[in-house]
Amino acid sequence: MSDGARVIVGVSGSLHSLTALHRAAEEARVRQAVLVPVLAWTPVGGERNYRARPCPPLLRAWQELAEARMASVLEQAFGGLPIGVPVRPLVVRGDAATVLTGLADRPGDLLVVSTGEQGGLRVRLRGLTRRSVTRQCLARARCGVLAVPPSTLHEDLRALHRGIDLRELAAA
């Protein structure tokens, strides 16, 4: 294994993040690096609301939910931990872009992020109010960044769902 080489990847459980996770695992194998899947989370309602009304038991519950989601992501993607690559999953409280760029702080690191959905109305509207995690990582990272586009299977799945919805409407 290369000296401290790491491939850090942001995960959320979405299909797009699973695609990025698979690509990151392959990059880690090729580079003989440690795979570091990172799930960043914030309290429901945001940090500002939590600071105004802290509730440590609720905070612990959110942390446990995030840890369970990480386990679920690894199970969905690989059936557990991927074979042939060392893995160090991290669950970190904080904004995703800040957490990812803060962790990927070595020149030899590779930060892998998903580009997410392209062009959906909800995505375009969200883009008006906040910058995407991918764009923030590209702008702030102190290491190489690999932005992984959605798999072509995502569009096939979306088309399949649209087809089912149309048939259900036609039958009604």
Side-chain angles (χ1 to χ4, degrees), residues 1-44 46-47 50 56-118 123 132-158 160-161:
M1 185 171 3
S2 297
D3 235 8
R6 302 180 304 171
V7 176
I8 298 163
V9 57
V11 298
S12 65
S14 72
L15 288 175
H16 302 295
S17 79
L18 292 175
T19 300
L21 179 56
H22 274 273
R23 179 63 188 270
E26 186 56 34
E27 289 291 332
R29 277 187 200 93
V30 168
R31 296 166 183 260
Q32 297 182 335
V34 174
L35 176 63
V36 184
V38 178
L39 190 145
W41 67 276
T42 56
V44 174
E47 291 290 345
Y50 182 78
L58 195 51
L59 193 64
R60 279 191 297 281
W62 289 328
Q63 174 73 30
E64 289 170 7
L65 285 171
E67 290 168 358
R69 170 165 266 180
M70 173 62 85
S72 174
V73 164
L74 293 171
E75 184 63 33
Q76 284 178 317
F78 305 111
L81 293 176
I83 297 172
V85 62
V87 182
R88 293 198 186 105
L90 292 174
V91 176
V92 181
R93 178 179 169 188
D95 166 71
T98 302
V99 166
L100 291 169
T101 56
L103 287 170
D105 60 351
R106 303 175 193 165
D109 287 344
L110 175 65
L111 177 58
V112 179
V113 292
S114 167
T115 59
E117 291 194 36
Q118 302 297 311
V123 172
S132 77
V133 170
T134 303
R135 285 187 182 156
Q136 291 180 62
C137 287
L138 287 167
R140 293 190 219 160
R142 293 173 291 205
C143 66
V145 179
L146 175 59
V148 178
S151 165
T152 56
L153 295 174
H154 295 185
E155 187 54 41
D156 294 344
L157 183 60
R158 196 173 8 253
L160 177 63
H161 281 274

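Since the model is a prediction, treat every value here as computed from it, not as a measurement. Residue numbers count from 1 along this sequence.
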Just wondering, do Gln76 and Leu15 contact through their side chains at under 4.5 Å, heavy atoms?
no

Answer whether the closest heavy-atom distance between the side chains of Leu146 and Val9 falls below 4.5 Å.
no

Between Leu90 and Met70, which heavy-atom pair has the shortest distance, and what is it?
O-CE, 3.3 Å

Arg69 and Ser12: side-chain donor and acceptor closer than 3.5 Å?
no

Is a donor on one side and an acceptor on the other found under 3.5 Å between the side chain of His16 and the backbone of Thr115?
no

Does Glu26 form a side chain to side chain contact (heavy atoms under 4.5 Å, CB included) with Val85? I'd like the steps, not just the answer.
CA-CA 9 Å; Glu26 186 56 34; Val85 62; over 6 Å; no

Interatomic distance, SG@Cys143 vs CG@Leu100, rounded to 0.5 Å, equals 10.0 Å

Calculate, to the nearest 0.5 Å, the distance between atoms CG and OG1 belonging to Asp109 and Thr101 respectively.
11.5 Å

As a test of understanding, state which of Leu111, Leu110, Asp105 forms a side chain to side chain contact (heavy atoms under 4.5 Å, CB included) with Arg6.
Asp105

What heavy-atom pair brings Val7 and Ala24 nearest, and what distance separates the two atoms?
CG1-O, 3.6 Å

Nearest heavy atoms of Pro86 and Ala33, plus distance in Å
CD-O, 3.8 Å

With a 4.0 Å cut-off on N to O distance, would you call Arg60 and Glu64 a salt bridge?
no

Which label fits Trp62 and Tyr50: parallel for a plane angle under 30°, tilted from 30 to 60°, or perpendicular past 60°?
perpendicular

Heavy-atom distance under 4.5 Å between the side chains of Val133 and Asp95, does that happen here?
no

Check: Thr134 side chain, Ser114 main-chain N or O, donor-acceptor pair, under 3.5 Å:
yes

Ignoring hydrogens and angles, tell me if any N or O in the side chain of Thr42 forms a donor-acceptor pair with the backbone of Gly94 under 3.5 Å.
no

Whether Ser17 side chain and Gly13 backbone form a donor-acceptor pair below 3.5 Å
yes

Heavy atoms of other groups near Arg29 CZ, more than 12 under 6.0 Å
yes

Check whether any side-chain heavy atom of Pro37 lies under 4.5 Å from a side-chain heavy atom of Val73, and answer yes or no.
no

Please tell me if the side chains of Leu59 and Pro43 come closer than 4.5 Å, counting only heavy atoms from C-beta onward.
yes

Using every non-hydrogen atom in the two residues, find where Pro82 and Leu35 come nearest and quote the distance to one decimal.
CG-CD2, 4.0 Å

